[in-house]
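To start, the structure under review is shown below, and the notes come after it.
Owing to the predicted nature of the structure, the values given are computational and were not obtained by experimental measurement. Atoms considered below: every heavy atom in the structure, side chains included; atoms not considered: hydrogens, waters and symmetry mates.
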Amino acid sequence: MISQVFILSSKGDHLIYKDFRGQAGNDIVSIFYEKVTALTEDQPPVVMNHKDLYFLHIRQGGLYWVATTTVGSSPFAIIEFLNRLAALVKDYCGSLSEKSVQMNFALIYELLDEIVDYGYIQTMSSDVLKNFIQTEAVTSRPFSLFDLSNVGLFGAETQQSKVAPSSAATRPIQSSREQGGKSEIFVDVIERMTVVIGSNGVLMKADVEGEIRVKCYMPSCSEMRIGLNEEFSIGKSQLRGYGAAVRVDECSFHQAVRLDEFDSHRILRLCPSQGEQTVMQYQLSDDLPSALPFRLFPTIERDNGGRLLMYMKLRCDLPPKSAAINVCATIPVPKGSVSLSQELSSPDQSAELKPQSRAVVWQIARFAGGTQLSALFKLEVPSLSSASMLEVGPVGLSFELPKITATGLQIRFLRLSPVQPGPSQRWVRYVTHSDSYTIRI
């Protein structure tokens, strides 16, 4: 049973406040924010209390999503409610941000009125809610006098027109009802890598967690069929097919997915609801089918002037036609480091010393596959000793690999039935992120 629901900005501004049972005053919002900001840790506890009232919250889109309850309620159910509420707001508003919540406050209040009745959760299904929600979402687009990004010479289509714009999948689901709204389906294959490489270069751990997400803007779609690799196998004992096996250790599916064709043809069948849903999750441990995307070759020493020298050579082992973007290497350095001078091998790199976190942050906007970049960092460290040099490392890498999956999972086809009467588009995207990529020095 939920007493209150409110949404706060990162600065504590009240964006949404809904009291279902009248068990606490309006000052409870300020009390929650004081408790969160008073904590010294970066990650505050999910559950906090004030007298007989309990706060449960999550962080999504840079916002605090908070629910209050009294003794006797399941905290796991309320956390799940908050996650689904954030997903619904994202579906109906198009994105999660302070601005989108402010612009669509009336829509969010209407959603809360339909979702919760006197503290009891009624429904979280977008298929049910679309019959009752009447408020249209308000979206903002950056001003552009001429949008000619997809027009070539004499009006001909360019290659760019075959690629969905980055904001295409972040519009409200209700936009498909509007006149001129596009009927589209977006399928994302998203994987996250957890890697630990020892100081001798030996791989110690390599895990991949992945999921297939579907975001539907179809006003009516009875069934969707997603074909995976024919060689897709679950577990080492179920290797199949004649090509290179695509194997995962564990796999789970959304309850709406029908698996009658999965064992024989590796086809997922479902009736997608408007909005975003995760249809499949999978995991692979310690047996990656391809080489690791990055290797680091570090050299740490002290020069004659007492400065700490760190020579970093980073190699990208992706295929030559691929590239990693938003690559960032965080290198912990000795306490008391005061200044940094650097020599970078290319102009598209940058680096800075962050004394508060005691780290050098090396950033690379785009890193082409099959290439190598290097950097020489010279640090002024007062009273540098052999013991303080041991404080260097381990190096943490964060990156994004577009059009690549670490497991090799691919979408063979995406079919809709019945065939849509109007023009419809289907988009498939592959992306691999670094969840934790640690290289010991």
Side-chain angles (χ1 to χ4, degrees), residues 1-126 128-129 133 135 137 192 275-278 356-357 435-436:
M1 186 170 57
I2 297 173
S3 299
Q4 298 161 312
V5 171
F6 48 90
I7 304 174
L8 305 181
S9 70
S10 58
K11 298 179 180 179
D13 300 326
H14 303 185
L15 304 179
I16 299 292
Y17 175 82
K18 185 73 174 179
D19 192 345
F20 296 103
R21 302 184 61 86
Q23 295 177 329
N26 295 340
D27 60 335
I28 207 70
V29 178
S30 301
I31 293 174
F32 165 78
Y33 189 71
E34 290 174 1
K35 285 180 170 291
V36 168
T37 54
L39 297 170
T40 56
E41 294 84 359
D42 294 334
Q43 297 293 333
V46 175
V47 181
M48 298 182 290
N49 73 297
H50 175 69
K51 298 181 180 178
D52 294 331
L53 202 65
Y54 289 84
F55 301 100
L56 296 100
H57 79 281
I58 61 174
R59 287 290 302 272
Q60 288 198 25
L63 306 174
Y64 291 100
W65 304 72
V66 192
T68 64
T69 184
T70 54
V71 179
S73 300
S74 169
F76 298 103
I78 296 178
I79 292 298
E80 179 65 18
F81 161 78
L82 290 174
N83 281 303
R84 293 195 181 188
L85 174 63
L88 273 175
V89 172
K90 181 180 179 182
D91 286 342
Y92 275 87
C93 299
S95 62
L96 286 184
S97 64
E98 181 178 350
K99 183 177 181 180
S100 65
V101 170
Q102 288 175 336
M103 295 173 64
N104 293 281
F105 70 93
L107 172 60
I108 297 174
Y109 277 116
E110 188 175 358
L111 279 171
L112 288 173
D113 287 336
E114 299 294 343
I115 291 171
V116 182
D117 182 19
Y118 196 61
Y120 294 94
I121 302 170
Q122 303 301 307
T123 181
M124 303 293 290
S125 170
S126 58
V128 175
L129 291 170
I133 302 300
T135 304
R192 295 171 297 276
E276 185 178 295
Q277 57 184 327
T278 300
Q356 293 182 349
S357 56
D435 195 13
S436 174

Which atom of S9 lies closest to which atom of L63, heavy atoms considered: CA-CD2, 3.8 Å
Geometric class of the Y33/Y64 ring pair [parallel <30°, tilted 30-60°, perpendicular >60°]: perpendicular
side-chain contact (heavy atoms from CB on, under 4.5 Å) between V5 and F20, intermediate numbers included: CA-CA 8 Å; V5 171; F20 296 103; 3.7 Å; yes
Donor-acceptor pair, side chain of S3 and main chain of R21, under 3.5 angstrom: no
More than 12 heavy atoms of other groups within 6.0 Å of R84 CZ: no
Minimum side-chain heavy-atom gap I108-K18 below 4.5 Å: no
Without placing hydrogens or testing angles, list every side-chain donor-acceptor pair under 3.5 Å for residues 49-56, not counting sequence neighbours.
none

List the atom pairs, with distances to 0.1 Å, where a side-chain N or O of residues 114-123 and a protein N or O form a donor-acceptor pair under 3.5 Å, not counting sequence neighbours.
unit_1: Q122; atom_1: NE2; unit_2: Y120; atom_2: O; d: 3.0
unit_1: T123; atom_1: OG1; unit_2: S125; atom_2: N; d: 3.2

Approximate separation, where rounding is to 0.5 Å, of Q4 CD and T68 OG1: 4.0 Å
Closest non-hydrogen atom pair between E98 and D13, with its separation: OE2-OD2, 3.9 Å
Rounded distance (nearest 0.5 Å) linking atom NZ of K90 with atom OG of S100: 10.5 Å
Check: L8 main-chain N/O paired with Y17 side-chain donor or acceptor under 3.5 Å: no
Gap between atom CZ of F81 and atom CE of M124 - 0.5 Å precision: 5.5 Å
Nearest-0.5 Å distance, CD of residue E34 to CG of residue D27: 9.5 Å
Reported OH-to-CD1 distance for the pair Y109 and I16, which is rounded to 0.5 angstrom: 4.5 Å
Closest heavy-atom pair and its distance - H57, V66: CB-CG2, 3.9 Å
Residue pair L96, V89: steps toward the side-chain contact (heavy atoms from CB on, under 4.5 Å) verdict: CA-CA 7 Å; L96 286 184; V89 172; 3.9 Å; yes
Atom pair CG (L111) and OH (Y92), whose distance is rounded to the nearest 0.5 Å: 6.0 Å
Qualifying residue for side chain to side chain contact (heavy atoms under 4.5 Å, CB included) with L88, from L112, I133, L129: L129
For A86 against Q60, the heavy-atom pair lying closest together: CB-OE1, 3.5 Å
W65 vs N83 side-chain heavy atoms within contact, under 4.5 Å: no
